[in-house]
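Because the structure is a prediction, the values reported are computed rather than measured. Values reported hereafter were calculated over all heavy atoms of this structure, with side chains retained and with hydrogens, waters and symmetry mates removed. Labels below follow one simple rule: chain letters A, B, ... track the order of the sequence lines, proteins then strands, and each chain is numbered from 1.
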Protein chains: 2
Amino acid sequence: MKNKAKATSFDIAHYAGVSQSTVSRALRNSPLVNDETKRRVHEIAEQLNYKVDKNASNLRTQQSSTLALLLFEDPTTDESQINPFFLSMLGSITRACAKEGYDLLVSFQSSSSDWRADYEDSHRADGIILLGYGDYLDYQARLQELLDQDTKFVCWGATVDNHPDLTVSCDNYGGGQLAAQHLFALNRTDCAFIGDASNHSPEFFARYKGFKDAFEAQGVALNDRKIANAISTEDSGYHATKSLIANNISFDALFAASDLIAIGAIRALLEAGINVPEDVHVVGFDDIPAASYVSPTLTTVQQNTTLAGQMLVKNLLSLIKNEPVESTLLPPSLIVRGSSD
Amino acid sequence: MKNKAKATSFDIAHYAGVSQSTVSRALRNSPLVNDETKRRVHEIAEQLNYKVDKNASNLRTQQSSTLALLLFEDPTTDESQINPFFLSMLGSITRACAKEGYDLLVSFQSSSSDWRADYEDSHRADGIILLGYGDYLDYQARLQELLDQDTKFVCWGATVDNHPDLTVSCDNYGGGQLAAQHLFALNRTDCAFIGDASNHSPEFFARYKGFKDAFEAQGVALNDRKIANAISTEDSGYHATKSLIANNISFDALFAASDLIAIGAIRALLEAGINVPEDVHVVGFDDIPAASYVSPTLTTVQQNTTLAGQMLVKNLLSLIKNEPVESTLLPPSLIVRGSSD
DNA sequence: ATGATCTGTGACACCGGTGTCATAATGTCA
DNA sequence: TGACATTATGACACCGGTGTCACAGATCAT
């Protein structure tokens, strides 16, 4: 096997004394080929360390056994700091792809300028998974463009207008309710919310809405003044909370739209001499690994990333095969830890 | 643009009234083509939303503008918990690839059974980046196999026997020294080490060695009994530290081979009523995001993941182009935080 | 005017597989 | 034994680009 040049199916054909067509069929276990011939071909392929040339194969079959993952980040986010939640998703998506026999192309769309969704057009991937919080410059417009071009794609979280079936997401509204019910049961009803209560970021808004509605269902109204905006970074959560404190806004519980925000919030609270959980209960969202490392450990609404990754891949593959796809809403679960105990 | 079928270069040729050859050349800005012709071809390509078919192009040119990233994980690691340090590396590698105009295929090699390095053989990728701590079943043997097959690859951390030029790594030894010098300066000389002081995991061993040697250079000998083995997880660090405590082994400083281990160690210490940093100073390694979230915040030896990713990609590309490649050792830096302050 | 060089283009083979069709060899049944 | 189905295989076009070669027409030097 010292040969520099990679072996082709013609080489195998030569050694096996059959035609190249037969080799191709044999390697794909076509029932048309005699078992003995198959065995011989496989054996020689093994010896030559032969691997099917994916480019040739893909070119002919017009499909690539590859999915592309586009990860959007908040433009303000630091280069090296990627939201751990999405990294966790990336892990589960990778695994789900592998399980289905697909490869995964990963691409970070750090700024709207280098948005690149031509993986399908160029036949590099059979479909695209879009991952990211919130909305981006021309987000909906771009998704619409993908729809127009008949590109196969699924989104995490964000719903495409009139095409909810292209979305897999966590039940953010229900998650907000879980957080509220938990705090209500502990008699913490004077709540602050850090995140984004406008409809700017659909996920964050849904979390807030569920939270608010669940409290109202118990006859408790949330005070709008106790809301501070933040994007999903520790730093942003820290500053948002600090500004609440600076404005002398009091509360005995705090619901953060993400764990990173919650962690930043806790830092701000502790710095201000406010104890967690004694003075303020804190609940986050996501359950990133760090949630169980920080102290106090963080109570949070967990998203099942493993399942999410599987569903994204599964739905995308269905879409590619033109099978009917159903909208998927994953149930979150509350993980109670030190910050509310 | 309602056409279902994707446009090909023949379509453009037809509309532009030139041959397909000329289209191909024009689109790649060949100097052989008249400027006016180029303009017309580009314009039509734009209108038809034409994208070069990568499979055809790759097949012909025998290269893929794609790199593959194989991420190894400790087999014991939980599915969803990927070492944040490697995720950070993944981020920087992705960016470095994008900058060089390469795509990135990501694959997790969770168990040795599905080791898959045929991305180059099958022409899916031009080269491979191997990422992971420690050694794996048949690790060296497998790398040797890649070498034999003349596969282009670079490794993070682990050195391939007789081929250090294929490695990019952090100066783990120097990092260990930094940690030791820091603790020595604070007069903390009764140190424990949590990690792996055997040569099982080369990186961890180098960190330990540098740490030990730096202390010995100051005339301080480390006590071998104050070493506990751990793999790079929070849990493992927690248990290793707990066992030291259970054996009544005392120390006034602790150096952990990774941040996850350090975070687990701090948890064990605090649980045992040992204060950090008052009773025990703790220093980690990596500087994962969580290092600045935990409390006390973690002093650690930082690895520059951005640079690391760039170097891995750069060296691999050089290798692919058969250019000479130099071994790369990246300087770590000490980040002093609350756990040793 | 004549050969030499340059410019822009088209024809065509080729990359390494896959799918279709034709066909030889063998078996089946009336 | 002839008509027909079945099995196993080869020949060949094809996927959509890229690279090589040939060549027409314009430009230039002698």
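Residue contacts for Ser21(B): at a heavy-atom cut-off of 4.0 Å it reaches a base atom on one of the strands shown.
At distances below 3.5 Å, at least one donor-acceptor pair connects side-chain atoms of Asn55(B) with backbone N or O atoms of His123(A). Here the side chain of Ser92(A) pairs a donor or acceptor atom with the backbone of Thr305(A) at under 3.5 angstrom.
For the OP1/OP2 pair of dG10(C) and a distance below 4.0 Å, the side-chain nitrogens and oxygens of Ser19(B) include at least one atom meeting the criterion. Put simply, Ser9(B) has a side-chain N or O that comes within less than 4.0 Å of OP1 or OP2 on dG17(D). Neither OP1 nor OP2 of dT9(D) sits under 4.0 Å from any side-chain N or O of Thr22(A). Of the side-chain N and O atoms in Gln62(A), one or more sit less than 4.0 angstrom from OP1 or OP2 of dG16(D). The side chain of Thr8(A) contributes no N or O atom lying less than 4.0 Å from OP1 or OP2 of dG16(C).
When the C1' atom of dT7(D) is taken as reference, atom NZ of Lys38(A) falls 13 Å away, rounded to whole Å. Between Arg124(B) atom CZ and dG17(C) atom C1' the separation is 14 Å, expressed in whole Å. Put simply, CD on Gln20(B) is 7 Å from C1' on dG16(D), counting in whole angstrom units. Rounded to a whole Å, the CG atom of Leu48(A) is 12 Å from the P atom of dG17(C). Distance, Gln63(A) CD to dG17(C) C1': 13 Å, rounded to whole Å. Rounding to whole angstrom units, CZ of residue Phe10(A) and P of dA11(D) are separated by 10 Å. To the nearest angstrom, P of dG16(C) lies 9 Å from CG of Asp11(A). Atom P of nucleotide dT18(D) and atom CG of Asn58(B) are separated by 10 Å, given to the nearest angstrom.
Applying the 3.5 Å distance criterion, the base of dT20(C) shares a donor-acceptor pair with the side chain of Arg25(A).
Within 6.0 Å of atom NZ in Lys38(B), more than 12 heavy atoms from other residues, nucleotides or ligands are found, so the atom counts as buried in its surroundings. Around CD of Glu323(A), the count of heavy atoms belonging to other residues, nucleotides or ligands within 6.0 Å exceeds 12.
Nearer the 5' end of DNA chain C, as judged by each residue's closest nucleotide, is the contact made by Gly17(B), out of Leu59(B) and Gly17(B). Mapped onto DNA chain C by nearest heavy atom, Ala56(B) and Ser24(A) fall at different nucleotides, with Ala56(B) at the one closer to the 5' end.
Contacts of residues 27-37 of chain A with DNA chain C (heavy atom under 4.0 Å): Arg28(A).
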> Can you check side-chain hydrogen bond (donor to acceptor under 3.5 Å, both in side chains) on Arg28(B) and Ser24(B), steps first, answer last?
Replying inline: CA-CA 7 Å; Arg28(B) 281 171 300 140; Ser24(B) 174; 2.9 Å; yes
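Remark: Met311(B) CE to Ser327(B) OG distance equals 9.5 Å, nearest 0.5 Å. To the nearest 0.5 Å, the span separating CG on Leu69(A) from OG1 on Thr94(B) amounts to 9.5 Å.
Across dG16(C), dT18(D), dT18(C), the shortest atom-to-atom separation from the side chain of Ser57(A) is found for dT18(C). In the set dT20(C), dC12(C), dA13(D), dA13(D) carries the atom at the smallest distance from any side-chain atom of Arg60(A).
Between Arg39(B) and Glu36(B) there is a salt bridge, since at least one side-chain N of the basic residue sits less than 4.0 Å from a carboxylate O of the acidic one.
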